[in-house]
Amino acid sequence: MSPTEVSAGAAPAIEFDDVSLRFISGDGTATVTLRNFTMAVARGEFVAIVGPTGCGKSTTLNMITGLLQPTVGAVQVMGQPVSGIDPRIGFVFQADAVFPWRNVMDNVSAGPLFRGMPRAQAHELASQWINRVGLQGFDQHYPHQLSGGMRKRVALAQTFINRPEILLMDEPFSALDMQTRTLMQDELLKLWGGTGGSVVFVTHDIEEAIALADRVFVLSARPATLKRVYTIDLPRPRVMAEVRYHPNFIELSKRIWADLREEVSIH
């Protein structure tokens, strides 16, 4: 079964139904950040969201987690309205979210320990994930002793060890240099391919969105509406250093950039 196929009768992993979000500032001014937004993410699907700076891309993630509630419309996770923090959801931020006072082993094992797993079992599982992300021998190192790319590997292990059914990623690799970023993108695809979970990946980078995703959602300038959805017809498994030279990749880049350029030039 392909990542975008959903078993018969199963609800989408994530569903926005005609959602609008409005903030009221202290002086009574209303600001609309999301307007009439509809999106469904299938179980096992990798979706990327791109749009102009400040359009509300990260707002969609905050509504999936329940940190923000829609003013109009509904957001559902696994067929149920969002209500509070869902333990089936993992989140990887742009900034490092590792605990600076904990070494790699204690960072990666934090989730299982919090969920009640015995320490020896949690450390054994953490050791497997540390090896899986290529950090063998660094389990006793602290975040300040690691490079940015290594800290991001810790964050991925820290998230994937909990087997999230939904993974939300907010520009997780934007602070990395190009070579490290490419390695981390490959790492993400490898880890995601083994879980069957759904991913919503917010990025400013059109090429990153195309190379990673099954579909790319293009948002308009604020107040954000869904401008267009692109199905990414590139074979999997994908290797980041190679997929960018596929003819379909180049054509998709041109079309998505044309959509975004319209939004930037209009506003």
Visitor: Are I89 and F46 connected in the hydrophobic side-chain network, where two residues link if heavy atoms are under 4.5 Å apart?
Guide: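 The answer is no; the residues belong to distinct hydrophobic clusters.
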Visitor: Evaluate the criterion side-chain contact (heavy atoms from CB on, under 4.5 Å) for residue pair V229 and M39; output intermediate values, then yes/no.
Guide: CA-CA 10 Å; V229 181; M39 176 179 78; over 6 Å; no
Visitor: Tell me the closest heavy-atom pair linking M184 and L176, and the distance in Å.
Guide: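 Nearest heavy atoms, M184 then L176: CG-CD1, 3.7 Å.
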Visitor: Could you check whether any side-chain N or O of Q145 sits under 3.5 Å from a backbone N or O of Y142, counting only pairs where one atom can act as donor and the other as acceptor?
Guide: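 Checking the backbone N and O of Y142 against the side chain of Q145, a donor-acceptor pair under 3.5 Å is found.
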Visitor: Let me confirm one number: the CD-OG1 distance from Q185 to T180, rounded to the nearest 0.5 Å.
Guide: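 Going from the CD atom of Q185 to the OG1 atom of T180 covers 10.5 Å.
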Visitor: With a 4.5 Å cut-off on side-chain heavy atoms, are N162 and R115 touching?
Guide: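 Yes, at least one pair of side-chain atoms sits under 4.5 Å.
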Visitor: Determine, for E208 against R181, whether the closest basic-nitrogen to carboxylate-oxygen distance falls under 4.0 angstrom.
Guide: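 Answer for the salt bridge query: yes.
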Visitor: Before you tell me yes or no, could you show the steps for D214 and I232 under side-chain contact (heavy atoms from CB on, under 4.5 Å), namely the whole-Å CA-CA distance, both residues' side-chain angles and the distance that decides it to 0.1 Å?
Guide: CA-CA 5 Å; D214 296 311; I232 308 303; 6.0 Å; no
Visitor: For residues G44 and S198, report the shortest heavy-atom separation together with the two atoms involved.
Guide: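 What the structure gives for the nearest pair is N-OG, 3.0 Å.
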Visitor: Would you mind reporting whether S127 and M105 have side-chain heavy atoms less than 4.5 Å apart?
Guide: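 Counting from C-beta outward, M105 and S127 do come under 4.5 Å.
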Visitor: Could you walk me through whether S220 and T225 satisfy the side chain to side chain donor-acceptor pair (under 3.5 Å) test, starting with their C-alpha distance in whole Å, then the side-chain angles of each, then the deciding distance to 0.1 Å, before giving a yes or no?
Guide: CA-CA 5 Å; S220 70; T225 58; 2.9 Å; yes
Visitor: Is there a continuous path of hydrophobic side-chain contacts, each under 4.5 Å between heavy atoms, that joins L219 to Y230?
Guide: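 Different hydrophobic clusters.
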Visitor: With a 4.5 Å cut-off on side-chain heavy-atom distances among I, L, V, M, F, W and Y, is there a chain of contacts connecting L189 to V200?
Guide: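 Different clusters.
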Visitor: Under the 3.5 angstrom rule, does the side chain of R238 hit a backbone N or O of A213 as a donor-acceptor pair?
Guide: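 Yes.
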Visitor: With heavy-atom distances below 4.5 Å as the criterion, would you say the side chains of L234 and I210 are in contact?
Guide: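 L234 vs I210: side chains touch.
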Visitor: With no hydrogens and no angle check, is any side-chain donor or acceptor of R244 less than 3.5 Å from a backbone partner on E207?
Guide: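 Not confirmed, R244 side chain does not pair with E207 backbone.
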Visitor: Go through it in stages, so that I can follow the logic: the residues are E187 and L183, the test is side-chain contact (heavy atoms from CB on, under 4.5 Å), and I'd like the CA-CA distance, side-chain angles, deciding distance and then a yes or no.
Guide: CA-CA 6 Å; E187 195 68 51; L183 290 172; over 6 Å; no
Visitor: Counting N and O atoms only, with roles assigned by atom type, does the side chain of N107 sit under 3.5 Å from a partner on the main chain of R102, one being a donor and the other an acceptor?
Guide: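 Yes; judged by distance alone, with no hydrogens or angles, the pair exists.
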Visitor: Can you get from V154 to L168 by hopping between Ile, Leu, Val, Met, Phe, Trp and Tyr side chains that sit under 4.5 Å apart?
Guide: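 Different clusters.
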Visitor: Determine the sole option in I64, V41, T38 for which the side-chain contact (heavy atoms from CB on, under 4.5 Å) test with F16 is passed.
Guide: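 Of I64, V41, T38, side-chain contact (heavy atoms from CB on, under 4.5 Å) with F16 is met by I64 alone.
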Visitor: Looking at CG of L61 and CD of E171, how far apart are the two atoms once the value is rounded to the nearest 0.5 Å?
Guide: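 Reported to 0.5 Å precision, the distance equals 10.0 Å.
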Visitor: Does the pair E262 and K227 meet the rule for a salt bridge (charged side-chain N to carboxylate O under 4.0 Å, His left out), with working shown?
Guide: CA-CA 11 Å; E262 284 179 7; K227 181 164 186 174; 2.6 Å; yes
Visitor: What closest approach, in Å, do N131 and Q136 show between heavy atoms, and which atom pair accounts for it?
Guide: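 For N131 versus Q136, the nearest heavy atoms are OD1-CG, 3.1 Å.
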Visitor: Quick one, L188 and L167 - any side-chain contact, counting heavy atoms below 4.5 Å?
Guide: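 Yes, their side chains come closer than 4.5 Å.
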Visitor: Return the minimal non-hydrogen interatomic distance between R132 and K190, and the atom names on each side.
Guide: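 Minimum heavy-atom contact is O-NZ, 4.4 Å.
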Visitor: If two hydrophobic side chains count as joined below 4.5 Å and joins carry through other members, does I166 share a cluster with I161?
Guide: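 In one cluster: no.
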Visitor: Parallel, tilted or perpendicular: which one describes the rings of F173 and F201, with boundaries at 30° and 60°?
Guide: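 Answer is tilted, since the angle falls between 30° and 60°.
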Visitor: Rounded to the nearest 0.5 Å, what separation is found between the OG1 atom of T231 and the CG atom of N248?
Guide: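 CG of N248 is found 12.0 Å from OG1 of T231.
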Visitor: Just so I know, are the side chains of R153 and L146 near enough to count as touching, which here means a heavy-atom distance under 4.5 Å?
Guide: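 When only atoms from C-beta onward are counted, L146 and R153 do not touch, as no gap falls below 4.5 Å.
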Visitor: Tell me, with the steps shown, if L68 and F23 meet side-chain contact (heavy atoms from CB on, under 4.5 Å).
Guide: CA-CA 10 Å; L68 292 174; F23 290 108; 4.0 Å; yes
Visitor: State, to 0.1 Å, how close P143 and F99 come at their nearest heavy-atom pair, and which atoms those are.
Guide: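 Result for this residue pair: CG-O, 3.5 Å.
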Visitor: Ignoring hydrogens, what is the shortest heavy-atom contact between S109 and A122? Give both atom names and the distance.
Guide: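 Between these two residues, the closest heavy atoms are CB-O, 3.9 Å.
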Visitor: Under 4.5 Å between any side-chain heavy atoms of W257 and L260, yes or no?
Guide: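 W257 reaches L260 side chain to side chain.
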Visitor: Look only at the side chain of K152 and the backbone of Q94, and say whether a donor-acceptor pair between them is shorter than 3.5 Å.
Guide: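 Yes; at least one donor-acceptor contact below 3.5 Å.
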Visitor: Taking the side chain as every heavy atom from C-beta outward, state whether L212 and M240 have any atom pair closer than 4.5 Å.
Guide: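 The answer is yes, as the side chains (C-beta and beyond) meet within the 4.5 Å cut-off.
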Visitor: Atom OG of S58 and atom CG of L67: how far apart are they, to the nearest 0.5 Å?
Guide: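 With rounding to 0.5 Å, OG (S58) is 11.5 Å from CG (L67).
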Visitor: Mind checking whether R88 and V77 have side chains closer than 4.5 Å, heavy atoms only?
Guide: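 With C-beta onward as the side chain, the pair touches.
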Visitor: Look at the aromatic rings of F91 and F93 and report parallel, tilted or perpendicular, splitting at 30° and 60°.
Guide: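 Judged by the thresholds at 30° and 60°, the geometry between F91 and F93 is parallel.
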Visitor: Calculate, to the nearest 0.5 Å, the distance between atoms OG1 and NE2 belonging to T53 and H204 respectively.
Guide: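 Going from OG1 on T53 over to NE2 on H204, the span is 3.5 Å.
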Visitor: Measure the spacing between CG of L21 and CG of L34 and express it to the nearest 0.5 Å.
Guide: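 Here the interatomic distance stands at 6.5 Å.
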